[in-house]
Protein chains: 2
Amino acid sequence: MASTVARSSTSTLADQVFKTLQAAIIEGALKPGEKLKEPELSARYGVSRGPLRDAIRRLEARKLVVSAPNSGARVVSLTRQQLLELYEMREALEGMICRLAASAISDEELASLGQLLDQHEAAIEDSAGRDYFRQEGDLDFHFRLARASGNTLLADILCQDHYPLLRMYRYQFSASPGRPERALYEHRRILEALAERDGDLAEMLMRKHIRNARRNAAERTKDEAPIGAMKG
Amino acid sequence: MASTVARSSTSTLADQVFKTLQAAIIEGALKPGEKLKEPELSARYGVSRGPLRDAIRRLEARKLVVSAPNSGARVVSLTRQQLLELYEMREALEGMICRLAASAISDEELASLGQLLDQHEAAIEDSAGRDYFRQEGDLDFHFRLARASGNTLLADILCQDHYPLLRMYRYQFSASPGRPERALYEHRRILEALAERDGDLAEMLMRKHIRNARRNAAERTKDEAPIGAMKG
DNA sequence: AACCACCAGATTGTTGACAATTTTTCCGAT
DNA sequence: ATCGGAAAAATTGTCAACAATCTGGTGGTT
């Protein structure tokens, strides 16, 4: 352990610590509710507290960390309610992204997305324990749609500010049986609407897709109130 | 000048500098594209560079500042294109907020919002140079709707992360002739839909309202490419 | 005159020490 | 035994100095 981060000239130390910590949080090495102690972390990564605090502030911007004055930072721990709210936000933003993408997406990107879905289909039939790949692949589809919408502000908000949070919670739940197949089908329908340049339909289908995902998440978290580890 | 910030026990120095800088940016004391020089600012506010850098990172999270490694931070300067993208984002998020608010808002808050719109009507008839109040008042309506939606994540994203950016650009443009009256009318229609608990209609009306505001902004910025001051 | 290398000044990135606050521990009182 | 409070430890907030990087200008070369 103690993977001391070396300073590379193209990037800043704070930036590297940020990326390292973000990965640790998403992959669950740092658990929801866990306290981020500055002395411990700065020792672990071989960095002084300055860049470390900088990194923590950036994690806060991506909502992976919440911090209170004089009491430090903790890995975010969404309640069930907040997790469902996240889906409502996605429904709004990604619906709009689909509407815009219907006009803005290029024929090349449409074809490329079709290939991506073919890969997903193969991965699903292959199944076994490839669960991880399928989940990341699903996000890939949404990610690339955001980029194709032509609205860089929307794309940034989703891809940089909020998808990391979603990925973090995806790591904790494996897919429901039958959900990947269903999602793939819905993705294909969305892509069809985009190919027909039908913005109304594309938005409608994406919103329905995300409502389905939300319902799925609601089912899978029916009992537990706080999703991850307890805080404090 | 040199409004030295004193440390209060309830809040941190970085927090106070953040608030001061945010206000300075929104009100135009720091202009779009202007460089934030750490030595100068830390001297001006009587704070060392540590808390100052902290404050700058928080401004970055609210998209009021953009910074590149080794080259410092600048006040954000949206292009016309990016300003219009901001409206597309608002259309998505605030549409969803209206849909949710139709179910979640209380009768008391509905009545209170009605009074707010009465005040706006009075302010408009009063007119004269009260332009500033009307603009902030308009945001008040949207702000309170966000809180009333019951989705705290959506409300936070709008009120904390993105409204400051919008307020900054509002300071630069006074309202178009006739636009406040039109906006008030649209607000009343939205409130009616909420009172009828009609989520579909409320969303539709809000989206149309923001599309109108977007068109208005597009008209008023037809010539100039970068909105504020040039950068560098 | 235009272009490149180099040097000086300014600015950002990083560090370790110090101050203030919070949390924990331990002790005594009820 | 439990509760409250004071001392001690740990953690966060702040600072000033040092190192690395960028910026702008100077001078020399072709």
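Below, chain A is the first sequence line, B the second, and so on; all start at residue 1. As a basis for the values below, the full set of heavy atoms in this structure was taken, side chains included, without hydrogen atoms, waters or symmetry mates. Note that the coordinates shown come from a computational prediction; the quantities given were computed from them, not determined experimentally.
- Rounded to whole Å, atom C1' of C:dT14 lies 15 Å from atom CG of A:Asp15.
- Atom CD1 of A:Ile56 and atom P of D:dT11 are 13 Å apart (whole Å).
- What separates CG of A:Leu13 from C1' of D:dA20 is a distance of 11 Å, to the nearest Å.
- A side-chain donor-acceptor contact under 3.5 Å links B:His209 and B:His187.
- When all heavy atoms of A:His120 and A:Asp138 are compared, the closest pair comes out as CE1-N, 3.9 Å.
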Report, one pair per line, the protein and nucleotides 10-12 of chain C atoms (nitrogen or oxygen only) whose separation is under 3.5 Å.
residue, atom, partner, partner atom, Å
C:dT12, OP1, B:Leu36, O, 3.4
C:dT12, OP2, B:Glu38, N, 3.1

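- Every residue two or more places apart in sequence or in another chain was checked for a ring pair (Phe, Tyr, Trp, His ring centres under 6.0 Å) with A:Phe18, and none qualifies.
- The separation between A:Leu52 atom CG and D:dG13 atom P is 12 Å, rounded to whole Å.
- Partners of B:Asp140 by side chain to side chain contact (heavy atoms under 4.5 Å, CB included), not counting sequence neighbours, listed by chain and number: B:Leu116.
- One interatomic measurement links the two molecules: CD of A:Gln16 to P of C:dT14, which rounds to 9 Å at whole-angstrom precision.
- Closest approach of B:Lys35 and B:Ser71 over heavy atoms only: CE-O, 3.2 Å.
- Side-chain N/O atoms of A:Ser42 and A:Arg49 include no donor and acceptor closer than 3.5 Å.
- Distance, A:Tyr45 OH to C:dT14 C1': 19 Å, rounded to whole Å.
- To the nearest angstrom, C1' of D:dT14 lies 13 Å from CZ of A:Arg57.
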